[in-house]
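In what follows, a structure is listed as structure tokens, so that the remarks can point back to it.
In this chain, numbering begins with 1 at the start of the sequence shown.
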Amino acid sequence: MDAPAADAGAVISLRDIRKQYDSGEVSVLALGGVSVEVPRGQFVAIVGASGSGKSTLMNIVGCLDRPTEGRYFLAGHDVSELDADQRAIVRSELIGFIFQGFNLLPRTSALENVEMPLAYLGVAGDARRERATRALALVGLGARLHNTPSQLSGGQQQRVAIARALVTEPEVLLADEPTGNLDSRTTDEVLAMLQWLNRERGLTIVMVTHEPDVAHCASRIVTVKDGLILSDEPVAAPRRATAPAGAEPWKVNAPDAMPHHDPNAKAAPGGLAWFMAFRLALRSLVRAKLRASLTALGILIGIAAVVTTNALGVGAQQRMQAQMTTLGVNLLVVMPGGARTGGARGAAGTGVSLTDGDAEAIAREVPTVARVAPTVGSGAQVVAGERNVSTRVTGTTPDYFAVRSWSVALGSLWGPDEVRTSAPVCAIGETVRQGLFGGADPVGQELRVGRLPCTVVAVLARKGQSGFGSDNDDTIVMPISTFRAGIGRQPNGQVNQIMVTALGPDTVHRAQDAITSLLRQRHRIRPNTEDNFTVSNLSDLTSAFNEQTAIVSALLMVVASISLLVGGIGVMNIMLVSVTERTREIGIRLAIGARANDILLQFLIEAVTLAAIGGVAGVAVGIGASVVVGRLTDFSVGFQPDIAAFSMIVSGGIGVIFGYFPARSAARLDPIVALRRE
């Protein structure tokens, strides 16, 4: 059976309202069955001692709370069973609040405080500012729009609170002890304004007070005791509050400041817009600069670590690739296999198995090979005049320089004739030149390699460091026959390695397979038997290095990710502290019309903004740190734009993940409990 509709002339209709609070095993009956009607345009005062139930009654009338039993009709709508968000909509569209403690947001201008309810109604920026300006002009604060509460007197702060209550053009104005914190002069000023709004504008006002002289300014007094209405009487001759001379700006500003509420006007679409939520969040962060900076610092360190680690890893790979090219282009290296001892294979080169004949066969029988250079080598002491150096000496053929893509800086290279005659000539690297001859031209100069006198015929162009960390330029290269005759004799034409270049990049692997097949035949290796040699190409060596670099980079990324996790926990911790510190602010926002999603959105945007600021700064610091490390250590760095973008996405994700719980906690606060928090 449907409940009876409210009286058409009553803007507020309470039907047998009961409110019981349960706290563990204790139950408190705050209201024991209250029924009251408030006609449109009436000024009602609710009075009673502390604990009488008048505040509970005000909370239910203001849709801050729901009755345990009974029905409540507001402007003809049954609002007693509405959920939290639906009650928030009612508060934003139909109710204006004036609080005893003003409940203005600190460090926020009067204009911004008054604009706030309109923001939750979805009113556009220009219209919002215009209406807030007119409301402040109505209460005589047109010249104090940009003053914060700390720059206003108590009476002026209460005027701002009244302007905020009026700006939405409500059906009902609720005043909770509106003069409790004011002196007698300002009390009369506020009461005179309320009486004028009721008398001249027909605004329905419900005021809670414990002061008899204040209550007698209303046209009706409802006395509450022990959760019941003790009396409900009209005031025959309400006391006329008189504002001091010149303190009634509403009489001057009223015609143009606040148009009458149009009950037929369509309500604005509610909900806080994303842009407005971002502005509110940014404003909150600016007001707590130090805390916001320290929070963003954790994200900054994590993102900077990720960017720096990646830049150094990429730089190492790029440097390796550049250095590997110093070995030659399309290079293949044939090395002898390891000797077996007791069934265990030793390192490559411990078992000698390559000869000049192998090199000649590769050059003759593998069509995808361009050049072949067998090499032998050892370390030796080199003396020139009074200087000496210890360096690597390589004996090889003229094709070695083509295989290594090694040009000449001074002089000219020795050729096949010098190999055939075992001529005592050599080409030296730049490091050897500097060690033995300084900056002088050594071409034609004599030096002694071990016990072998040798003439310098060329200085090789600088190649720098190799991919294995050795100095390419710390070398002497001479004919292989000269090396064997004067430096190190090797039986049966054996060589340390054979360096080969393929005809092109697309033939490297074919040449590698062909060389492997040829050498297996020459060495009479049976099927399913292990090779006694290895054939490696440059890409294999580079891939092996890159794999090692990737492993190290991954480990460093894990460390960097841990710092990001710590930064995210810092964001959550600070946001939880912020929710605790701003509980009263949240209660104010909820009381004037904010919905749970509005609060959630604001605090979530704050967390994401903090993380994003830390992310941007972290990318910048990471790039800067990488450059500094590169310059101080002569280490290559490489930047990947996608890593910077990924870092930004990660920082935003951290804001969402670690900011959601504090934001959700803020959104779920009870406005009544939040408003009581000091």
Side-chain angles (χ1 to χ4, degrees), residues 324-339 345-378 392-406 413-416 418-420 427 466-468 470 472 475-484 487-505 507-525 530-542 544:
M324 291 297 285
T325 59
T326 64
L327 295 176
V329 180
N330 307 324
L331 179 67
L332 293 166
V333 179
V334 185
M335 296 283 293
R345 175 181 281 281
T350 56
V352 178
S353 60
L354 298 177
T355 64
D356 289 333
D358 291 330
E360 293 168 359
I362 292 171
R364 183 176 60 251
E365 300 182 29
V366 180
T368 52
V369 164
R371 296 179 185 275
V372 178
T375 65
V376 292
S378 68
R392 176 77 179 175
V393 180
T394 299
T396 187
T397 62
D399 281 341
Y400 174 82
F401 302 105
V403 169
R404 293 287 311 274
S405 303
W406 213 332
L413 295 172
W414 42 263
E418 284 77 11
V419 174
R420 187 173 55 257
S466 73
F468 304 100
S470 61
N472 278 307
T475 188
I476 292 178
V477 185
M478 61 178 57
I480 190 170
S481 56
T482 305
F483 181 94
R484 284 169 172 164
I487 304 297
R489 297 183 179 275
Q490 292 175 311
N492 304 320
Q494 293 174 345
V495 297
N496 297 132
Q497 66 180 12
I498 302 172
M499 305 184 75
V500 182
T501 52
L503 290 174
T507 63
V508 170
H509 287 92
R510 279 189 288 160
Q512 186 175 10
D513 293 341
I515 292 171
T516 301
S517 177
L518 174 64
L519 293 181
R520 285 182 64 86
Q521 293 176 11
R522 287 182 56 82
H523 295 187
R524 295 182 175 85
I525 299 174
E530 188 176 359
D531 295 340
N532 60 359
F533 61 89
T534 58
V535 183
S536 302
N537 64 53
L538 189 62
S539 61
D540 291 337
L541 297 174
T542 304

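The closest side-chain heavy-atom distance from P398 to V419 is below 4.5 Å. The closest side-chain heavy-atom distance from V393 to M478 is below 4.5 Å. Contact check for F533 versus I525: side-chain heavy atoms found under the 4.5 Å cut-off. Counting heavy atoms from C-beta outward, D356 and I480 have side chains that approach closer than 4.5 Å. Looking only at side-chain heavy atoms (C-beta outward), I487 and S378 come within less than 4.5 Å of each other.
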Steps toward side-chain contact (heavy atoms from CB on, under 4.5 Å) verdict (T394, T475): CA-CA 7 Å; T394 299; T475 188; 4.3 Å; yes
Full working for side-chain contact (heavy atoms from CB on, under 4.5 Å) between R484 and V376: CA-CA 8 Å; R484 284 169 172 164; V376 292; 4.3 Å; yes
Audit row: V366, V372, side-chain contact (heavy atoms from CB on, under 4.5 Å) steps and yes/no: CA-CA 11 Å; V366 180; V372 178; over 6 Å; no
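Taking every heavy atom of both residues into account, A511 and A502 meet most closely at CB-CB, 4.2 Å. In this structure, M335 and N496 approach most closely via the heavy-atom pair SD-O, 4.2 Å.
Rounded to the nearest 0.5 angstrom, L413 CG and Y400 OH are separated by 11.5 Å. Rounding to the nearest 0.5 angstrom, the gap separating the CD atom in Q497 from the CG atom in L332 is 12.0 Å. With values rounded to the nearest 0.5 angstrom, M499 atom CE is found 4.5 Å from L331 atom CG.
In summary, the side chains of H523 and D358 do present a donor paired with an acceptor at a separation below 3.5 Å, with no hydrogens or angles considered.
Remark: the backbone N or O of R510 is not paired with any side-chain donor or acceptor of D513 at under 3.5 angstrom. Remark: side-chain polar atoms of Q512 are paired, donor with acceptor, to backbone N or O of V535 under 3.5 angstrom. Using a distance-only test at 3.5 Å, with no hydrogens or angles considered, no donor-acceptor pair links the side chain of D399 to the main chain of R371. Q521 places no side-chain N or O within 3.5 Å of a backbone atom of L518 that could act as its donor or acceptor partner.
When each of V477, I498, V403 is checked for a side chain to side chain contact (heavy atoms under 4.5 Å, CB included) with T396, only V477 meets the rule.
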